[in-house]
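Some notes on the structure that comes next.
Atom set for the values below is all heavy atoms of this structure, side chains included, hydrogens, waters and symmetry mates excluded.
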Amino acid sequence: MKKFNKEIINGVTFVDGYLIVNKQYSLPKNYGNGLTEELQVAFFNMQNAALKENIELKIISGFRSYEHQKEVYESYLKIDSKESVDTYSAKPGHSEHQSGLAIDINKDDDSFIDTKEARWLDNNAYKYGFILRYPEGKSEITGYKYEPWHYRYVGKYLAKKLYNNGDWETIEEYFKI
């Protein structure tokens with residue numbers, strides 16, 4: 001079994017150099033200031049490739065500050081139970097959007113499931129360094145429901161590994177965290 005190197009730098013957890021943020025690993029309140037340049041370039045390349053196949057991709061949600069995520073999370077708590085909200089919205093400090101490495105593409109609701117755009121992303125996003133962060137059937141592992149619109153930039157090497165020939169593996173599974 002491969003052993004991974006975990007380190008915490010300025011309150012941010014990295015495993016083998018990859019930033020980790022999920023229900024167990026948080027980011028400091030002041031972390032992040034926008035989408036990373038690497039993500040933006042990769043998305044532009046992916047967007048152009050998709051357009052060649054008449055698939056339109058757009059970022060509908062990118063970077064979210066700690067404070068913005070707090071507002072989002074609290075707004076959901078006003079209309080839904082905490083138990084339910086915790087399956088589709090991250091607590092402040094636990095959102096990948098705060099890292100500048102996560103985006104929601106085209107829609108952020110279940111109407112995106114089974115669209116041609118969702119299928120294209122599922123089959124091609126890894127080629128540009130993106131992973132489907134919350135794959136179908138993995139909610140027991142990630143703590144979040146299936147979100148075919150939520151993609152995380154990890155670079156081409158790790159994305160290809162996690163794509164796993166179409167059977168997406170999660171960051172939690174891969175790094176055994």
Legend entry - Side chain to side chain, Leu132 and Leu121, heavy atoms closer than 4.5 Å: no

Linked hydrophobic residues, [X] as query - side chain contacts closer than 4.5 Å:
{"X": "Val41", "value": "none"}
{"X": "Tyr66", "value": "none"}
{"X": "Tyr76", "value": "Val72, Tyr73, Leu77, Ile79, Val85, Tyr88"}

Inset, instruction - With sequence neighbours excluded, tell me which residues meet ring pair (Phe, Tyr, Trp, His ring centres under 6.0 Å) with His94. - result: none

Inset, instruction - State, to 0.1 Å, how close Lys116 and Asn54 come at their nearest heavy-atom pair, and which atoms those are. - result: NZ-O, 3.5 Å

Inset, instruction - Compare every heavy atom of Gly93 with every heavy atom of Val21, then report the nearest pair and how far apart it is. - result: CG2-O, 3.8 Å

Inset, instruction - Verify the ring-centre separation between Tyr151 and Phe130: is it less than 6.0 angstrom? - result: no

Inset, instruction - Answer yes if the ring centres of Tyr153 and Phe43 are under 6.0 angstrom apart, and no otherwise. - result: no

Legend entry - Aromatic ring pairing Phe4/Phe175, orientation class (parallel under 30°, perpendicular over 60°, tilted between): perpendicular

Legend entry - Within 6.0 Å of NZ in Lys161, more than 12 heavy atoms from elsewhere: no

Inset, instruction - Using a cut-off of 6.0 Å, state whether more than 12 heavy atoms not belonging to Asn33 lie near its atom CG. - result: no

Inset, instruction - With sequence neighbours excluded, tell me which residues meet side-chain contact (heavy atoms from CB on, under 4.5 Å) with Glu172. - result: Asn22, Arg133, Ile141, Thr142, Thr170, Ile177

Legend entry - Sequence-distant partners of Glu7, side-chain contact (heavy atoms from CB on, under 4.5 Å), two or more places apart: Asn5, Ile9, Phe14

